[in-house]
Every structure is written in structure tokens, then in C-alpha cells.
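Contents: one structure, followed by commentary.
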There are 2 protein chains.
Amino acid sequence: MPSDAIRAALIKRLRLSSAIADEDIKEIEALPISVRHYPAETAVVRDGERATDCCLIADGFCVRSKTIANGKRQILSIHIPGEIPDLMSLFLHVMDHDLSTLTPSTLGFISHETLQKLHRRSPGIAEMFWRDTLIDSAMFREWIVNVGQRPAPARLAHVMIELRERLRVIGRVDGGNFEMPLTQEQIGEALGITAVHANRVIRQLRQEGIVEFNRGRVTVLDERKFQELADFDNRYLHQSPTL
Amino acid sequence: MPSDAIRAALIKRLRLSSAIADEDIKEIEALPISVRHYPAETAVVRDGERATDCCLIADGFCVRSKTIANGKRQILSIHIPGEIPDLMSLFLHVMDHDLSTLTPSTLGFISHETLQKLHRRSPGIAEMFWRDTLIDSAMFREWIVNVGQRPAPARLAHVMIELRERLRVIGRVDGGNFEMPLTQEQIGEALGITAVHANRVIRQLRQEGIVEFNRGRVTVLDERKFQELADFDNRYLHQSPTL
DNA sequence: ACCCGGTTCCAACAAAAGTTAAGGACGCGT
DNA sequence: ACGCGTCCTTAACTTTTGTTGGAACCGGGT
């Protein structure tokens, strides 16, 4: 994948949540990006490491997670092409969580140094990226609510719909069908339940004719029931630059 | 409380996590702040509202929370004097959660407009505030892990220690004794459990001689056991400006 | 002193989720 | 085609957590 296409994906996504000036677009197009390929299930940055670059997902799915003393892992967010999952490392240099690939991924790295310079030069871009990190934060808030208050079937439905709404924006939803390349083990880690309970919940949703999950693919069977179960309100995604 | 004292508290806290230039301190000291008093258990900004100011806690405890369709509420964070819990509203104008007081509180309001101007004038301050929102975000990540992966007693211990570490910084910890002005109902909402289960957990920790919780006050009985149970690693608070 | 409302506390029972264990499906490499 | 490993699937059993309902406690107001 040419690094131009990567930049285009980023700009497309940023446009969604912020208004961008033309000269700022040029700045982003001129950003030096070094591209690297990662296999599936591989760490990109680890908890405790000091980051010197931010990484832009050109292709593939990634997750952020934290592992606690007893070895249990919690998935904090799922990331898709066009996103910069570790933008926070720009000012919080030592990582407090892991970033790793789910599928084979193409990542574009931009050094903190060039990003800092860019911000000094164009405050508009700084604000745009700041806003991006704030949306990230809003998504964490919703994730807390999901894990803390919803029964397991609703949790699963909610994570699915959030992912779908974000995939839709980059043209990756085909009718009632989209990619969610997690194993049941990983779904458990995202929802705060065990893998066998994740399996139970998936089975239940299938038996009730709501949604089908099969080898990393979601197929919605009954959109009405699906939405009702998920209790999803997209406001927290802040997908429109309403100032 | 004079608004000078409020500014001092803010500066003291910001110093902890960022290096501040002298001229930036002057800028903050010159910030126009309008002070208002709120009774306990009162909404400051509500989910869905459009904010025009950010609020600095001069005195009192506040929480951020979200309420879902079935009426259940999840507490997302607890806030103490010197913090700006809704800094995110600067760029995410329509609130995606509630901010409300726990105790009677004195709040200082700073308009978005003057903050935006300040940022254009001194990028150093902008970065400092940006970093502040990123730490906020890091705390949400840890909160997800807490609610998602730790057994209820560990959850409670973890929230208690996080609060204590933050209170310590503003000189509000007296030995093994500090304020945590939540009812058991609210503790349940913070941990993602019911009030009666919160009660069970509190009782258990008391019986095991680990920690005592009584009318909004925490007394540590066995620091060793307390820490071990909480599985607390303060890195995520990013309390030192290690660049 | 009294009452009142909100907490706190507790017990008995129900439901949800974790644990353990084991068989089956599938993809991959040889 | 075969074996191997990973994931999926399920069942039986245990533990944790939720639900319901009620009693005791406490502080503030009259």
C-alpha cells in the first residue's frame, strides 16, 4: 500500500469529526511516514515502553489492552484503518498499555518530533488531533459503562454496533455483514467475561435469531432486536464537528 | 474561598505532571474565573448539554457518570480540588456524560473562549492541558481494567488507593485516613456492582482487617494486605513529567 | 424528645458468570 | 491423507453477584 493512500484514509476520518482547513490538509499530505508490516497477533508497543513515534493504521485491525498481575487481560479498544491508536504517546511518552495487531497489518509511523513541530506551525491541526484524543477518551467512557452496567449479551451487541458504525465510515460494512476479527477468547477479554461465557452469549444471540458470529465475521439477523439489545447511542463517537 | 487560592491549587497540580514555564504561570494567574457554589448531589453539567465553560474544582468532591436506558448509572471518575473534570468539553462541546457534585462544592468557571485564546497565545499551556486530558484518558483505561477484570474486593481497594494517591498530592491524606465521600450505593455504581454487594465487600474487607469504611471516610488497617489486594501500579497516573 | 428519610446492614433465595474438563471442527504443514 | 495445534462447543459443577425484603442506625428538623 502506497503511503499516499494511508494519508488519504487519515484525512477522510479526521474530516468526519473536525473541520479542516485546506492548508492543513497539505501539511498532512507532506508528513513523512515510514511504513512497516506486522503479522497477526504481534505487539506494536508494549506497556512500560517509551514511544518515539505514533502509528497510523493503514490496513488491518489492532487492539489496545492491559494485563494485570494475575495474568488476566482487558481489551480497551479495537482499532481500524485510518486511526492513530497511540496518539496519546505524543505527550504520555511511557506507555501505560499495550498496542498489538489482531490481523496482519500495515502501519505508518510518524515521529513525535515531526508531529510536535507540526503543531507549533499549525494550531488548527493540533486542535484536530487533540479532539481526536478526546474522542478516544469518550469511547473509553462508554466502554466502562458497557463493562460495568450491561448484561453480557448487551455488552457484546454494543461492542459490535460500535465497531460497525466506525467501519461504515470507511466503507467496510456490507449490508448486515462486517468484519470483527476476534477469537472468542478475545471477545471475552473485551467484555470482561471468560471465553466460555463469551461462547454461551454468542450461542444465545444466535439461537434468539439476533446476530450470527462466525470466524471473525458478524452477520446481523434481526436489526431491530440487535439495536434494542445493544442500547446504542452514537453521540459519544462525536462523529460530526458540531461546534 | 478567594479565586487566587483556586488558581494556586490548579498550578500546583499541573506542575506535578508537566513542566511549566514562568510566563505560563502568569497567564494562568491572570485567567478570569467566576466562582459559584453548589450543594451536595447536584448536577453541574448534564449529558447532552452544550458546555460553554470548563469548571475547576476549588473545593469539594465531584463525579462524572453516565446513565443508561434501564436507569442504571456508572460512575466514571471521582474528582478532587485542583482538577478540571470537564476540560474535554473545550473541544467536545456537547457532553456525553454528567458531571455532578458529591459534597457541597466551590467551582471556578473559565469560559471556553478565553481558554481557546490562551492556547493560541501560549502553545506550552495548550500542551499542558492536552496532557491533562490524556492523563484523564489513562485513568479511564485503568478504570475499565478495574471493572472488567478484578474481583469486587480488589476493585474497591483499587479505587480507594487511586483516590488516596491523588489526595496525597494535595495534602489531604492524614496517615492511613482519608476522605471518600460516597454512599455504598455510589460505591456500587463506581465498581459496577449493586449496593448490597458493595456492602458485602466492605464488610468482608473490614472483617479481614484490611480496611475500614465509615460514613465517607477510609481507614487503612493493614497497608500490606491493602496494597496486595488492590494490585495498584501508579504509572498510569503519569504523575511525573518524565519526557 | 420525637419523627422522618436516607443509609447501612443482613439473610435467603435466584440468576449470572467462572471453572474444569473433554470432544469436535477446522486449517496448516508435511 | 495424516497429524497437530488452535479454536470452538458443550456439560456439570462452583462461586460470585443480583434480588427481595426487612431491621437497625443515624442525623437533621420540628
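We name chains A, B, ... by the order of the sequence lines, and we start the count at 1 in each one.
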Would A:V45 and A:S89 count as a side chain to side chain contact (heavy atoms under 4.5 Å, CB included) if you check the C-alpha gap in whole Å, the side-chain angles of each, and the deciding distance to 0.1 Å? CA-CA 10 Å; A:V45 232; A:S89 71; over 6 Å; no

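- Between the CD atom of B:E41 and the C1' atom of C:dG6 there is a distance of 11 Å, given to the nearest Å.
- Counting to the nearest Å, the C1' atom of D:dT6 and the CD atom of A:E185 are 11 Å from each other.
- Heavy-atom distances to DNA chain C give each of B:G216 and A:I193 a nearest nucleotide, and the one nearer the 5′ end belongs to B:G216.
- If you check every strand for non-hydrogen atoms under 4.0 Å, B:A152 touches sugar and phosphate atoms only.
- Summarising the geometry, the separation between CD on A:Q184 and P on D:dT10 is reported as 9 Å, rounded to the nearest angstrom.
- Within 6.0 Å of CZ in B:R168 there are more than 12 heavy atoms belonging to other residues, nucleotides or ligands.
- Between the side chain of A:R155 and the backbone N or O of A:R150 there is at least one donor-acceptor pair closer than 3.5 Å.
- Under a 3.5 Å cut-off, the side chain of B:S105 and the backbone N or O of B:Y38 do not form any donor-acceptor pair.
- Salt-bridge check for B:K72 with B:E189: failed, with every basic side-chain N at 4.0 Å or more from each acidic carboxylate O.
- Straight-line distance from the CD1 atom of B:I187 to the P atom of D:dT17: 15 Å, rounded to whole Å.
- Using a 4.0 Å heavy-atom distance criterion, A:G192 is classed as a sugar-phosphate-only contact.
- Computed from coordinates, the A:R155 CZ to C:dA17 C1' distance equals 9 Å when rounded to whole Å.
- Within a 6.0 Å sphere centred on CD of A:E228, other residues, nucleotides and ligands contribute 12 heavy atoms or fewer.
- Contact check of residues 197-211 of chain B against DNA chain D (heavy atom, cut-off under 4.0 Å) returns B:H197, B:R200.
- The end-to-end axis angle of the helix from C:dA1-D:dT30 to C:dT30-D:dA1, rounded to 10 degrees and based on five pairs per end, is 40°.
- Along DNA chain C, the nucleotide nearest A:R215 and the nucleotide nearest A:P151 are compared for position; the residue whose nucleotide lies closer to the 5' end is A:P151.
- At least one test fails for B:R172 against the ring of B:F178: distance under 6.0 Å to the centre or angle within 45° of the axis.
- Between B:D86 and B:R64 there is no salt bridge, since no side-chain nitrogen of the basic residue lies less than 4.0 Å from a carboxylate oxygen of the acidic one.
- When the C1' atom of C:dG18 is taken as reference, atom CG of A:L191 falls 15 Å away, rounded to whole Å.
- The closest donor-acceptor contact from the side chain of A:R164 to the backbone of A:G176 lies at 3.5 Å or more, if one exists at all.
- Heavy atoms of A:T194 sit under 4.0 angstrom from at least one base atom.
- As a whole-Å value, the separation of A:Q149 CD from D:dT17 P is 14 Å.
- Taking atom CD of A:Q186 as the reference point, atom P of D:dT6 lies 14 Å away to the nearest angstrom.
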